[in-house]
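Comments concern the structure below.
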Amino acid sequence: MATFLYRLGRLAFRRRGLVALLWVVVLAVTGGLAASASSAASGNITIPGTEAQKAFELLEERFPGSSPDGATARVVLKAPDGEKITDPENKAAVGEVVAELAKGDQVQQAVDPFRARAVSPDQTIAYSQVTYEVSGFELTEESREALKAAAEEGREAGLTVETGGDAMAAVPHTGAAEVIGVAIAAIVLLITFGSLVAAGLPLLTALIGVGVTVAVITAVTVPLDLNTTTPILATMIGLAVGIDYALFIVSRYRAELAEGREPLEAVGRATGTAGSAVVFAGLTVVIALVGLSVVNIPILTKMGLAAGGSVVLAVLVALTLIPALLGFAGKKVLPRKQRAKDGAAAPAAGTKDGAGTRWARFVLRRPVAVLLVSVVGLGLLAVPAKDLQLNLPDDGSQPTSTTQRRAYDLIAEGFGPGTNGPLIVTVDAEDSDDPEAAAGATAERLQGLDGVAAAMPPTFNKAGDTAMITVIPKSAPSSAATEDLVHDIRGQAGGIAEATGASVLVTGQTAMAIDVSQKMDDALVPYLILVVGLAFLLLIVVFRSVLVPLKAALGFLLSVVAALGSVVAVFQWGWLADVFGVEQTGPVMSLMPILMIGLVFGLAMDYEVFLVTRMREAHVHGETPHEAVVTGFELGARVVTAAALIMISVFAGFIGSSESMIKMIGFGLAVAVLFDAFVIRMAVVPAVLALLGKSAWWLPRWLDKVVPNVDVEGEKLQRELNGPTAKADEREPVAARD
């Protein structure tokens with residue numbers, strides 16, 4: 001591996017003009033495809049194999065033209081204080097609003113609340129249900145403006161009018177905080193390298209990689225039915241790893257220059273050694289992201305594949321474009337003082353130890369104390385995770401400043417909290433002798449359940465063999481009581497089928513959310529086994545050790561649980577909510593734990609590979625285990641610290657997103673990288689290696705014969721370069737030695 005990448009780096013250096021041009025062409029072509037493609041993303045979540053999805057598909061089949069996946073809006077109208085919505089003047093104003101709503105080009109129907117009995121018992125609040133022929137993300141801007149204009153007309157008449165539903169959904173934006181994150185990353189790079197050129201290269205190449213990724217995603221958004229969060233997640237991951245991978249290669253190139261090597265040779269060695277670590281670090285991230293497909297939720301699979309693609313591009317850019325650009329930069333990546341000394345200023349033997357070296361020696365002197373403090377500290381941060389509650393976001397999780405949240409609260413005030421999350425009970429009476437009687441008996445049984453506020457009369461399809469019954473729970477959509485009610489209704493299905501011959505299925509947004517949470521729980525253990533197992537095998541190949549990969553996996557589990565605990569504390573309990581801009585606390589997004597596990601595992605293995613390969617390299621070249629730990633920190637701690645700070649900055653930038661899912665993911669990944677890089681990799685890893693000593697690098701003989709030697713640390717490459725061919729290489733003309 002190291003030898004191949006050494007040659008690849010030298011080739012890219014020599015053909016730097018061609019390599020740079022190829023990447024510019026790729027960016028231009030993908031950008032052109034993105035510009036000519038429709039970017040209408042999907043907001044739908046399908047859950048194959050679940051009851052809610054089966055019922056949804058049955059409704060599509062049996063109620064043709066009803067557009068069950070079409071957008072909906074709830075326009076809630078409240079009378080002025082002291083008045084009723086049924087007063088003639090207010091009633092007329094409501095009629096005008098409904099008439100205005102019905103005029104929309106994409107509107108299927110706008111229901112008059114007085115005819116649909118959608119008036120609160122105290123007659124102060126009413127709502128009109130508006131259904132559209134297309135999904136929320138296919139609505140035109142004209143349709144959205146017409147909806148807002150109708151609401152404004154009601155306000156002008158003196159009513160309080162608020163609008164909720166997925167028709168109000170907008171493409172999420174990340175805001176200025178994302179730019180601030182990149183700016184902080186630039187400052188960290190500048191401080192780390194002391195050179196504008198060296199600091200600019202990782203940012204430039206990462207932006208090129210992300211640009212290609214986002215352009216490709218935009219081009220295939222409609223054909224592949226991608227979700228709105230897919231490009232944001234790919235950007236988040238691609239930007240972070242793109243900067244980090246480039247950072248490691250540029251840093252190693254500078255180290256090779258400092259040892260007196262010419263740029264061509266320095267690029268080859270940097271790509272061969274640091275590039276090998278980049279390849280295997282990238283593989284662990286890709287494994288974690290692609291492994292999300294085992295959950296069998298299409299939105300999660302597509303997000304994982306897209307983010308995995310951004311990582312692959314980041315690796316390719318680091319291995320080809322970085323060496324090419326280093327060919328243009330030459331020795332300008334070094335600080336000006338070092339360039340003045342012709343780049344040959346290797347550290348003198350008596351120079352003062354750096355912070356990384358001093359920290360490593362401190363940990364080696366007190367490994368037990370450092371290990372205990374680290375584990376106990378992360379354990380305390382993990383405590384809130386025991387109260388983790390999962391659900392999909394709805395209008396109730398929106399900030400109180402939004403019209404969606406105000407509409408949600410008005411509905412709860414006037415009709416009860418369950419009206420915000422009605423359940424759709426589908427009665428398939430195709431095999432029943434009396435479909436009408438079967439549906440009536442079902443509605444009667446549902447009305448008798450404890451958690452049901454109301455069960456509406458059945459609505460039949462044209463064929464008369466399928467009915468829908470709208471069930472209003474007594475409790476809020478995200479409450480445990482509503483989840484219990486869904487399970488109770490499903491528990492009644494067997495008895496109903498036996499008595500009437502009709503099958504009963506429960507669907508609706510609330511039931512979908514419950515099924516997603518259950519699907520997440522069922523998939524978590526298989527996902528962990530797959531991802532951790534594959535990465536464990538990969539790390540055995542990288543480190544040629546059993547205990548080091550085991551330690552890496554256990555450390556990851558500790559950091560990710562601590563990160564989940566932090567997410568619960570902020571987004572569910574509300575600790576420091578104002579600091580992080582969390583306007584509404586509530587259950588954690590159902591997709592969050594498994595998505596975070598996949599992403600954090602891959603990113604955690606990045607730091608493990610980059611830091612420990614330096615230690616492995618020193619050990620292979622003859623140092624004792626303790627000396628190797630110190631050498632690894634001396635050579636890698638500064639760069640790993642910079643890489644972690646950059647990742648934290650990039651992820652933290654997404655906390656400013658308008659989308660609660662992106663905000664939560666950004667926060668979770670930022671704190672997870674903080675815990676993993678600065679506690680697990682910087683404290684627990686050296687402490688454990690100090691306690692294990694030589695045993696850390698133990699590999700059974702039978703396994704040693706089976707595991708391929710991929711030469712990540714460049715031992716074979718070093719022997720080859722120190723052989724007879726080294727002199728010939730040094731005599732080779734180099735066009736960019738200036």
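This one's a predicted model, so the numbers in the text were calculated from it and none came from an experiment.
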Q.
side chain to side chain donor-acceptor pair (under 3.5 Å) for T482 and S475? Distances and angles first, verdict last.
A. CA-CA 6 Å; T482 301; S475 49; 2.6 Å; yes
Interatomic distance, CE@M592 vs CG@L388, rounded to 0.5 Å, equals 10.0 Å
CD of Q389 to CD of Q572, rounded to nearest 0.5 Å, is 4.5 Å
Exercise for review: State whether the side chain of D87 and the backbone N or O of K84 hold a donor-acceptor pair below 3.5 Å, judged by distance alone.
Suggested key: yes
| Residue pair R490, D515: steps toward the salt bridge (Lys or Arg N to Asp or Glu O under 4.0 Å) verdict | CA-CA 12 Å; R490 288 172 175 172; D515 286 352; 2.8 Å; yes
>> Is there a side-chain contact between L524 and I597 in this structure, where contact means two heavy atoms from C-beta onward sitting under 4.5 Å apart?
In response: yes
Item to complete: Please answer whether the main-chain N or O of T124 pairs with a side-chain N or O of D122 as donor and acceptor at a distance below 3.5 Å.
Response: yes
Donor-acceptor contact below 3.5 Å, side chain T426 vs main chain M468: no
Is the backbone N or O of A429 less than 3.5 Å from a side-chain atom of D465, with the two atoms forming a donor-acceptor pair by type? no
Taken in chain and number order and not counting sequence neighbours, the residues that satisfy side chain to side chain contact (heavy atoms under 4.5 Å, CB included) with A110 are V98, L101, A102, S128, V130
Distance col, row I125:CD1 vs L410:CG, nearest 0.5 angstrom, shows 5.0 Å
So CG of L505 and CD of E51: to nearest 0.5 Å the spacing works out to 5.0 Å
| query | Does a donor on one side chain and an acceptor on the other come within less than 3.5 Å for D488 and Q492? | reply | no
Review point. Below 6.0 angstrom between ring centroids: does that apply to F667 and F651?
Key: no
Practice prompt. Give the C-alpha distance, both sets of side-chain angles, the deciding distance and a yes or no for side-chain contact (heavy atoms from CB on, under 4.5 Å) between R406 and V76.
Written response: CA-CA 9 Å; R406 291 195 292 264; V76 189; over 6 Å; no
Notebook entry, point to check: Any donor-acceptor pair under 3.5 Å linking the side chain of R62 with the backbone of N461?
Noted result: no
- Using the side-chain contact (heavy atoms from CB on, under 4.5 Å) rule, take T402 and R405 through it: C-alpha gap first, then chi angles, then the decisive distance, then the call. CA-CA 5 Å; T402 62; R405 174 60 189 276; 3.4 Å; yes
Legend entry - Expected output: side-chain Q106 to main-chain T140 donor-acceptor under 3.5 Å: yes
Practice task
Kindly check if the number of other-residue, nucleotide or ligand heavy atoms within 6.0 Å of CD (E89) is above 12?
Solution key: no
- Are the aromatic rings of F415 and Y127 close, with centres under 6.0 Å apart? yes
Check whether any side-chain N or O of Q447 sits under 3.5 Å from a backbone N or O of M456 as a donor-acceptor pair, and report yes or no.
-> no
- Task: For T72 and T131, test the side chains for any donor-to-acceptor distance below 3.5 angstrom and give the result as yes or no.
- Result: no
Looking only at heavy atoms, the pair that brings P48 and K519 closest together is O-NZ, 2.7 Å
Salt bridge present between K78 and E413 (N-O < 4.0 angstrom):
yes
* Does any N or O in the side chain of Q123 come within less than 3.5 Å of the main-chain N or O of T86, such that one atom is a donor and the other an acceptor? -> no
Between L147 and A167, the two heavy atoms sitting closest are CD2-CB, 4.3 Å
Please report the C-alpha distance between Y408 and R74 in whole Å, then the side-chain angles of each, then the deciding distance to 0.1 Å, and finally whether the side-chain contact (heavy atoms from CB on, under 4.5 Å) criterion is met. CA-CA 9 Å; Y408 181 96; R74 268 187 175 177; over 6 Å; no
Output for pair (D484 CG, I489 CD1), nearest 0.5 Å, gives 11.5 Å
Note: L292 and G304 closest approach over all heavy atoms is CD1-CA, 3.8 Å
Separation between CG (L305) and CD1 (I217), nearest 0.5 Å, reads 10.5 Å
When every non-hydrogen atom of A79 is compared with those of L159, the smallest separation belongs to CA-CD2, 4.1 Å
Exercise for review: Compare all side-chain heavy atoms of V295 with those of T301 and state whether any distance is below 4.5 angstrom.
Suggested key: no
- Query: Should E152 and R155 count as an ion pair when the cut-off is N to O under 4.0 Å?
  - Reply: yes
Under a 3.5 Å cutoff, is there a donor and acceptor pairing between the side chains of S432 and T500? no
Practice item. Spell out, as yes or no, whether a donor-acceptor pair under 3.5 Å connects the side chain of K474 to the backbone of A453. Key: no
Tightest non-hydrogen contact, residues Y132 and L139, listed as CD2-CD2, 3.5 Å
- Query: Okay, side chain of D434, backbone of A437: is any donor-acceptor separation there less than 3.5 Å?
  - Reply: yes
Would you say that T442 contacts P458 through its side chain, given a criterion of any heavy-atom pair below 4.5 Å between the two side chains? no
- Message: Is any side-chain heavy atom of I469 closer than 4.5 Å to one of V427?
- Response: yes
- Worked check of side-chain contact (heavy atoms from CB on, under 4.5 Å) between V486 and L423: CA-CA 8 Å; V486 170; L423 305 174; 3.8 Å; yes
| Exceeds 12 heavy-atom contacts within 6.0 angstrom, atom CD of Q509 | no
Measure the shortest side-chain to side-chain distance between P587 and L390 over non-hydrogen atoms and say whether it is less than 4.5 angstrom.
-> no
Applied to residues 90-109, the salt bridge (Lys or Arg N to Asp or Glu O under 4.0 Å) test, sequence neighbours excluded, yields E100-K103
Distance-only donor-acceptor check, side chains N90 and E83, under 3.5 Å: yes
Checklist line | Sub-4.5 Å side-chain heavy-atom contact between L300 and M520 | finding: yes
Between G508 and I424 the two heavy atoms that sit nearest each other are CA-CG1, 4.3 Å
